[in-house]
Amino acid sequence: MAKVWEDREIKFDVQNIHKKLHNGERVLDVIDSVEDTKGNAGDIGRVIVTNLRFMWYSLTNPKFTLSIGFFCIVTMNAKNVISRLRANTEALYILTSSTKQRFEFIFTDYGTNPAHFASIFEIYKKYQTTTLYRELKLRSAILTDGQLNILKHEQVYKQMSGIYNLSSDQGNLGVFIITNIRLVWYADANESFNISLPYMQIISVKMRESKYGLALVIQTAHSAGNYVLGFRIDPQEKMEEIFKEISSLYAVYSETPIFGVDYDNTVKEKKEEMLRIDDIPEIDEATSNEINSKFTMYLREGDSNSRRATLSYCKELGFAIEKLRDGFSIKDLWNVMGDAEEK
Amino acid sequence: MSLFKIIEYFKYQCPDDNENYDSFSLTCARLNAENEEQKDSVIITSHSGFISILQPSISDDRDLNSQQMAAVAIEYHHPNVVYETKLNQPILSVLSGNFVQYSTQKQDRQNVIAILHPNKLVIYSLVTSEGFAEHGQQSKLQILHQHELTKSAFTMCKGNFGGVKGKEFICVMFLDGSLRFFEQDGITQTCILPGSRTIPSPFVYIPRIDCFMILAPNWDLECYRYLSLSEAYERRLTPIWSINVGEYILDMNTHQVSNTESVIVLLGENNLICISDTGKIKFIKKLDYTPLALCSFTVGWFFEPECKLMIAVATDNGSLLIYQNTTLVWCAELVDETIALKRGNFTGISGAIVTLNSTGKLSIGYLGSEPHIFKVPPLNLSKLDYEKSKIELEEMEKEINSSVDNSDIPYINETAEREVEIKSRLEFDNLNKNAFMRLSVKFTPHINLEQIQLYISPNPAFRMSTSTFFYNDLQAHERHSFETEIYLSETEVGEIFSTVLTIVVTFINKQSIARVLQHSVEVPLQNIATVTQPQKDDIFKVTLSAMPVVDIAALFSDITLADVGQALGIKTLNYENTVTIILAKNSNRYRLQSNSLVTLAFMLNIIIERLSQISTTTDQKNNSKSITVKSIPASTIEYLLSCIEKHHSMKNEMRTIADLLASKTIEMRLFERCFLVKMQGKASAQTMDGIEMLLKDTYNEILKLSSQYKAVKANLNKVQTQLSQTIYFIRKVIEYADLPQKITENLLCIMRPGLMDFSEQTCIEALAPYVDYLYNIYQAKGNQNQFYDNFSFRNDNFSLTRFSKQLKHVLSILVDSSSDDKKTMENAFIIEENETTMASIGESEWSSKSTNTLLKINEQLGEN
């Protein structure tokens with residue numbers, strides 16, 4: 001299936017990023033009048049929260065957009081701030097980390113909704129607690145008393161026992177479950193020896209010759225450890241049948257993935273059919289800036305990759321510490337006021 | 001807040017994401033004691049019964065920098081889960097230790113896991129068998145022992161009670177404060193501590209003196225010998241020493257720091273307390289923050305002289321503070337709120353900080369040594385090249401100009417009308433109280449629209465309950481409708497002068513192209529006017545001649561029922577202003593008279609409309625004007641002039657107030673600033689008095705001025721309406737006056753409806769140069785050369801008297817005057833025959849700054 005980058009990447013200034021959603025991605029909330037205080041101060045924009053990410057785009061200049069995948073978020077807090085426009089409002093601090101850099105974002109709400117960013121927290125929390133929909137799980141607590149814990153929107157299509165997992169010398173006999181979201185296998189002898197593999201993390205499903213004979217081979221994605229999982233199903237006709245079933249379910253899932261993040265904002269979403277004229281924001285183009293040089297503003301810190309940070313154990317503190325620069329000691333960093341402590 | 005951060009390199013969300021965790025839920029331990037290579041495992045349990053055993057490891061590849069390592073760890077944490085399951089009972093506490101007897105088999109020689117359920121203590125061993133790949137590894141928890149508990153447990157601690165070597169025992173504390181010891185050979189002993197034990201708390205075993213430290217409910221920390229506890233039935237239990245710590249203890253640890261001393265570290269709610277095992281307080285550190293979790297340890301062995309006691313405390317504001325004894329030696333910002341804090345050794349990282357938050361997120365990190373002061377890296381931006389930008393701008397403008405083609409406009413308008421279909425209806429029944437009528441509009445867009453706005457343009461006679469309707473995101477062929485109640489205006493200027501309601505429709509389609517449509521609705525006359533007695537001697541009169549003459553009864557067939565003679569009175573509903581219509585059949589004339597100019601204009605309009613309808617149907621061959629307005633009394637012009645004068649004086653008044661208001665607000669701002677400065681300087685009350693007075697006075701004055709301004713503005717609004725209504729009437733008269741085409745056009749240019757005042761220039765001031773021009777043409781009396789020699793546009797200031805005089809003169813053509821005058825006037829206009837007509841000038845240049853534009857036009861005229 002098409003790689004789902006939406007929740008795993010941070011993108012800056014991709015025009016119309018909010019107009020293209022991934023299959024299965026849904027807009028869960030829209031928050032108007034939000035300022036990207038760190039990068040585009042003064043620009044009022046709109047926040048769109050989907051089940052995979054957080055997007056902001058400027059209403060004054062379509063060039064300025066942000067897309068922050070939920071997977072990249074390290075922490076997210078809301079703080080009460082006092083703004084010049086609206087005395088008491090809320091600012092959203094998002095700290096992110098991706099493979100390359102760490103970014104910090106600050107958004108300020110200038111809208112009239114008293115709930116401010118509450119929905120984002122709820123959605124993000126939902127995202128965090130629904131990893132089973134999107135990630136490979138090994139040896140995790142997915143069963144209760146021998147029964148698979150069924151996820152919301154999940155339908156079990158087939159459950160078969162007597163399927164060998166070929167990950168150890170003698171192979172392990174277990175139960176194989178096919179649902180519309182994932183493939184699950186667990187050992188008969190040990191429930192906690194299990195695999196829960198969403199279609200999203202599958203690269204390919206094949207039938208291949210192995211030292212155990214013809215086996216069903218599933219290749220997992222890079223983000224799921226690049227594993228090659230082998231299963232043996234007897235007799236061969238049954239294996240072919242299952243292979244067909246998995247292939248077609250995989251194809252269906254690729255078209256309509258289920259990411260698991262469910263958010264019901266109907267209570268809030270009593271959208272009036274007719275807007276009041278006051279609801280239309282006046283666009284003041286006087287302050288819009290043509291050149292967006294603000295990418296760097298988001299950088300959380302001087303993330304210079306040139307300096308290799310290595311870990312070391314610090315005897316003075318008893319904890320692991322990032323190796324200090326040459327010629328510095330813990331004392332130099334800590335006792336800024338001179339060696340008063342020693343005297 | 002600290003400059004330093006804790007850098008997270010491993011995180012894991014436990015399956016239970018509710019707030020089901022506390023400081024007993026986390027433990028770090030080496031599960032295989034024999035294997036020196038093996039590193040710590042992290043065991044997390046939750047109150048809902050989940051247990052997760054993780055073996056975090058990070059790549060040993062030293063070429064990776066920390067961030068890459070972090071990324072690697074975060075991306076692939078699956079193999080780190082060794083075992084995870086849900087047990088059937090809540091888990092209160094988890095410990096790992098050497099709780100079973102050694103057997104000869106090597107694989108059994110490992111630490112086991114003790115899990116405390118509310119009524120059961122279970123000891124498990126973790127059995128792991130490897131597969132080909134990481135995903136082939138499987139683990140199982142095997143129950144080694146289980147002890148049913150008769151009472152509800154609270155927590156447990158471990159230790160080599162009685163100084164036994166190589167073995168560890170478990171002691172469980174129950175909710176009632178009693179203890180039970182579990183030794184390896186299945187021996188269990190219970191002991192009840194003296195006094196009432198209502199509040200159970202964490203407790204520890206001190207191996208050096210073979211004692212337990214237990215907190216009594218009166219906040220006494222008591223030290224009991226293990227021997228006396230285990231043989232409690234023999235004699236009454238008494239602590240060997242006790243010390244009051246004064247508060248509840250969140251967590252407690254003990255460490256041997258020298259050959260002769262162990263210390264007990266207690267984390268209270270407000271203090272960090274350290275007590276020696278002999279019952280002496282070593283130190284109490286008052287905390288100026290709220291502590292959440294404690295992790296203490298020693299660096300070095302107790303028999304070494306440089307053995308140091310280290311204490312790490314996690315706070316509720318997200319900091320980790322590290323003390324060496326009482327000295328704060330480091331502080332770092334935690335990634336997350338922390339409720340349990342441990343220290344662990346993992347592959348590639350020793351002394352890692354293991355934290356757990358209240359919703360089950362485990363995070364392992366290390367101290368960052370780069371102070372994280374936010375610094376923006378320098379930008380490499382070249383300055384804007386103005387020359388280049390200018391060229392670029394010109395090219396773009398060229399492109400825009402070439403792509404816009406005005407000849408398309410009629411076609412575009414036609415399409416727009418097809419795109420949105422509008423139907424409207426007026427209803428007079430079933431109305432709300434006081435409502436006059438209801439306008440219901442149905443519209444159907446035939447394409448998808450982004451937005452549509454419908455606006456019922458103002459007519460002072462009618463007030464709408466809602467005048468603007470706005471819809472977003474419309475689907476094609478979807479029907480929409482809305483209704484608005486219309487009330488008759490009761491304000492001074494709300495006389496009916498038009499029966500038409502105009503709906504302006506603005507819509508934006510999906511391609512972001514905006515279009516504007518107009519739709520008008522006519523209010524039937526019979527609904528807004530009734531028949532009344534004719535009146536005599538009204539102020540405003542207008543005489544109309546028509547060919548053919550139609551009977552009044554036929555003309556107003558929709559409202560008159562009784563037989564009408566030569567005169568008819570019609571009055572409008574809301575003001576009861578009567579217009580008397582008199583028909584003089586012999587001279588083919590109608591005379592309309594009324595005390596209200598507005599109503600007169602209204603009726604005039606209606607009669608003209610109706611007459612022209614009749615004349616076009618009956619007599620189509622006759623192309624000449626069949627209806628002409630014969631004359632209007634001079635009083636009309638006077639009325640217009642008085643309106644202009646009022647408008648002018650009010651505008652002036654408003655300007656004066658606005659100027660005053662501006663200067664006052666500047667003062668106000670200054671005083672406020674002074675006040676603020678004084679406030680911050682904490683000046684004495686006396687020095688504040690003066691400024692306060694100034695502030696108050698200025699504030700009052702601003703308030704007064706603003707209300708004045710508001711009043712004047714409202715008045716001005718009224719006058720403006722009156723003015724435009726008068727102009728509307730005069731326009732109608734001009735249109736149907738028996739004047740040459742050219743003059744009609746020129747006069748219509750002056751008398752334009754829809755007056756707009758700009759802050760810099762009023763509509764009258766904008767009109768002045770036109771009037772001046774016309775007046776001068778008139779003065780030139782048809783002599784072309786004389787006109788061009790003498791005339792120049794004035795650049796001096798606007799003078800009302802001059803304007804009035806000129807306007808009166810120009811408009812006098814309409815008034816019943818001597819034909820002589822009319823003649824000269826007509827001659828005057830001949831001057832500009834073959835020239836650009838005033839009409840076209842007026843049409844195109846009305847709204848711009850008139851003087852300059854007219855100067856330009858004059859140049860053009862000269863060239864021609």
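Here is how names work: the chains are called A, B, and so on, in the same order as the sequence lines, proteins then strands, and each is numbered from 1.
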So, the part of B:Ser129 with a heavy atom under 4.5 Å from chain A: the answer is neither

Given A:Asn194, A:Thr131, A:Val228, the one with more heavy-atom pairs under 4.5 angstrom with chain B than any other is A:Val228

Contact between B:Tyr471 and B:Glu478 at the side-chain level, heavy atoms closer than 4.5 Å - yes or no? no

Okay, B:Lys308 and chain A: the region with an atom under 4.5 Å from a heavy atom over there is side chain

Over-ring placement of A:Arg139 relative to B:Tyr83, 6.0 Å and 45° cut-offs
no

Okay, B:Asn88 and chain A: the region with an atom under 4.5 Å from a heavy atom over there is side chain

Note: vs chain A, highest number of non-hydrogen pairs under 4.5 angstrom among B:Val335, B:Asp17, B:Ile322 is B:Asp17

Would you call the rings of A:Tyr124 and A:Phe70 parallel, tilted or perpendicular, taking 30° and 60° as the class edges? tilted

Okay, B:Val299 and chain A: the region with an atom under 4.5 Å from a heavy atom over there is side chain

Heavy-atom closest pair (A:Arg182 atom, A:Leu132 atom, distance to 0.1 Å) is NH1-CD2, 3.9 Å

Tell me whether the centres of the aromatic rings in B:Phe297 and A:Phe319 are closer together than 6.0 Å. yes

Whatever's closer than 4.5 Å to a heavy atom in chain B on A:Leu166 counts as backbone

